[in-house]
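This report refers to the structure that appears directly beneath it.
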Protein chains: 2
Amino acid sequence: MAKRSRSLSSEEPLPSKGEQTRALILETALEMFSERGYEETTMRAIAEKAGVALGNTYYYFRSKEHLIQAFYERLHELHREACAPILEKERTLKGRLHGVMRAILRNMEPYHQFAAILFRSAADPHSPLNPFSRESEHVRRESIGWFAEVLKGTRTHIPADLEAELPSLLWLYHMGIVLFWIHDSSPRQARTHRLMEHTVDMVVKLITLASLPPMRPLRKSTLQLLASLREDVA
Amino acid sequence: MAKRSRSLSSEEPLPSKGEQTRALILETALEMFSERGYEETTMRAIAEKAGVALGNTYYYFRSKEHLIQAFYERLHELHREACAPILEKERTLKGRLHGVMRAILRNMEPYHQFAAILFRSAADPHSPLNPFSRESEHVRRESIGWFAEVLKGTRTHIPADLEAELPSLLWLYHMGIVLFWIHDSSPRQARTHRLMEHTVDMVVKLITLASLPPMRPLRKSTLQLLASLREDVA
DNA sequence: GTCTATAACCGGATAGAC
DNA sequence: GTCTATCCGGTTATAGAC
């Protein structure tokens, strides 16, 4: 998260002035949000602490909500880093799914209080933060990609029709767990972890069951229902 | 929805002046919300159209959001009226559950656009509109009560342990459908209706299955998990 | 307790000059 | 890219009338 110094010849493009200012504003905002809370942190205060003019913060972030969008993307990067080693180590479906889910919950833990705001906006179909929105599409696609990885790395046999649909379904499952997590006021969100562990078990059993040849008709008709429900969530 | 005239001797308490003013403000606000949208309707405009002073709207509604809370309660009354006849007529579990769910979706239909705002706030664990909040407790309890009614009126045998838990679970199921509904942009929310019809079927089959004697151990352990997850959602 | 009128505060957002 | 000035609307405050 620390900004790399400008010293050198790394092959990555060096941050332009604008990128630096943008980063400065974002850092300042996130820091203040977690210290005082979202509502209590005014755009004016962010600008002042960051040493820029109010108008300038709006040059880089279209609205206060967009600062949260930026936070969301950063959280997503944390998830990416946390999931990669798990997907290299674990070889069972259960181990992989459980590992990924636990990593995600752990990453979010410091932001539990603050995340409520994120998901308030996320529930609004018109907000850019809505997980189904165009703005969130990139993040969503990549997340779904991780769940595809979860499936690919195991030796569990899964029929192709189901395997095509499962990544989106697992992503949806993970959103459900996150929704529970937001409302979970137990210490360190222990309840959510319990729910997650039990449901991961159930999900894995269900996948195994649904992959059995005799289940083919039921599986087909269920997948058909899903197809007919899909908007462009993919 | 029309305000009864003051003419008479009905046994209901006649609305006091204050109640009339309150109702006037609420009617005006809801009308404007559905015409122009929530964000576009200012408190000043509501007050002006209702012919009261701005301060007076705040006398009756602590905030703009509380106007939505009032709408939520009104919607709940619509649901109550729509569900009662269904629970008198239908005698099968499937018929009752399906009827109730369809009635709820139909009632909400005119407010699809507008309901997004409601649920944006509802997703915030700190908002009074959150379905798990103290302010929503009365409405939630009554809703859960309807689902208890759905179960009681059938001849389907359901073991006591499951029957105790089911109303809350069905309520949760119904919240899930509503969540889908909010994000459903298909004409007349046709997708949601399709989802509802299929899942009502599945839920009924699942209940029947879970009620079978051989399922007792699995049922018990699942109910135990649920108990351990419960905060005070009841 | 119900209501009016008016002014002010506060903070998110925008316009336009440099 | 950055700034200052301004707008706009939710909310609050005040002082007084019925």
Side-chain angles (χ1 to χ4, degrees), chain A residues 3 6 13-33 35-71 114 117-118 120-121 124 126-129 135, chain B residues 3 6 13-30 32-33 35-71 114 117-118 120-121 124 126-129:
Chain A
K3 221 52 237 202
R6 94 199 40 163
L14 5 132
S16 68
K17 179 106 176 293
E19 275 164 359
Q20 283 175 357
T21 309
R22 189 190 148 89
L24 171 65
I25 293 168
L26 181 56
E27 296 310 323
T28 310
L30 295 185
E31 187 183 336
M32 294 180 80
F33 286 162
E35 273 171 14
R36 304 185 207 174
Y38 180 76
E39 309 288 358
E40 290 66 32
T41 305
T42 71
M43 291 297 274
R44 283 165 176 85
I46 294 169
E48 189 177 0
K49 189 160 179 194
V52 300
L54 173 61
N56 207 12
T57 67
Y58 282 96
Y59 178 79
Y60 287 104
F61 299 94
R62 279 221 298 282
S63 72
K64 195 178 178 184
E65 235 183 4
H66 278 78
L67 282 165
I68 301 202
Q69 169 92 352
F71 162 73
F114 171 47
I117 304 294
L118 202 163
R120 185 186 54 176
S121 308
D124 180 353
H126 307 306
S127 165
L129 277 161
E135 281 94 334
Chain B
K3 223 50 236 203
R6 94 198 40 157
L14 6 132
S16 67
K17 179 100 177 296
E19 275 163 359
Q20 284 177 355
T21 307
R22 190 189 146 89
L24 172 65
I25 293 169
L26 181 57
E27 296 310 321
T28 309
L30 295 185
M32 295 180 80
F33 286 162
E35 273 172 14
R36 302 185 209 175
Y38 180 76
E39 309 287 358
E40 289 66 32
T41 306
T42 70
M43 292 296 274
R44 285 166 176 88
I46 295 169
E48 189 177 0
K49 188 161 180 193
V52 301
L54 174 60
N56 206 12
T57 68
Y58 281 96
Y59 180 79
Y60 288 104
F61 299 94
R62 278 220 301 281
S63 73
K64 198 178 178 185
E65 229 183 7
H66 278 78
L67 282 165
I68 301 201
Q69 169 91 354
F71 163 72
F114 170 47
I117 304 294
L118 202 163
R120 187 186 52 179
S121 307
D124 180 354
H126 307 306
S127 163
L129 276 162

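These figures come from a predicted structure and were not determined experimentally. Just so we're on the same page: letters track the sequence lines, and every chain starts at 1.
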Need to verify one output field. Residue with the more 5' nearest nucleotide on DNA chain C, B:Arg22 or A:Lys64?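 The residue whose closest nucleotide sits nearer the 5' end is B:Arg22.
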
Please compare B:Gly18 and A:Met43 by the position of their nearest nucleotide in DNA chain C and report the one closer to 5'. B:Gly18

How close or far is atom [atom2] of [N] from atom [atom1] of [X], stated in whole angstroms?
| X | N | atom1 | atom2 | value |
| --- | --- | --- | --- | --- |
| B:Glu40 | D:dG10 | CD | P | 11 Å |
| B:Glu19 | C:dG1 | CD | P | 14 Å |
| B:Ile46 | D:dT11 | CD1 | P | 10 Å |
| A:Leu54 | D:dC7 | CG | P | 15 Å |
| B:Glu65 | D:dG9 | CD | P | 19 Å |
| A:Arg44 | D:dT6 | CZ | P | 13 Å |
| B:Phe61 | D:dT11 | CZ | C1' | 16 Å |
| B:Glu48 | D:dG10 | CD | P | 13 Å |

A:Glu48 atom CD, over 12 foreign heavy atoms within 6.0 Å: no

Within 45° of the ring axis of B:Tyr38 and under 6.0 Å from its six-membered ring centre, is that where the NZ or CZ of B:Lys64 lies? yes

Hey, is the side chain of [X] poking within less than 4.0 Å of OP1 or OP2 on [N], counting only N and O atoms?
| X | N | result |
| --- | --- | --- |
| A:Tyr60 | D:dT2 | yes |
| A:Lys17 | D:dT2 | yes |
| A:Thr21 | D:dT2 | yes |
| A:Asn56 | D:dG1 | no |
| B:Tyr59 | C:dT2 | yes |

Can any side-chain N or O of B:Glu19 pair as donor or acceptor with the backbone N or O of B:Ser16 at less than 3.5 Å?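 Answer holds: yes.
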
Tell me if the aromatic rings of A:Phe71 and A:Phe114 count as close, with their centers under 6.0 Å from one another. yes

Taking 4.0 angstrom as the limit, do A:Arg120 and A:Glu39 come out as a salt bridge?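 Between A:Glu39 and A:Arg120 there is a salt bridge, with a charged N closer than 4.0 Å to a carboxylate O.
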
Looking across every strand, which nucleic acid part, if any, lies under 4.0 Å from A:Thr41 by heavy atom: base, sugar-phosphate, or nothing?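 Sugar-phosphate, no base atom in range.
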
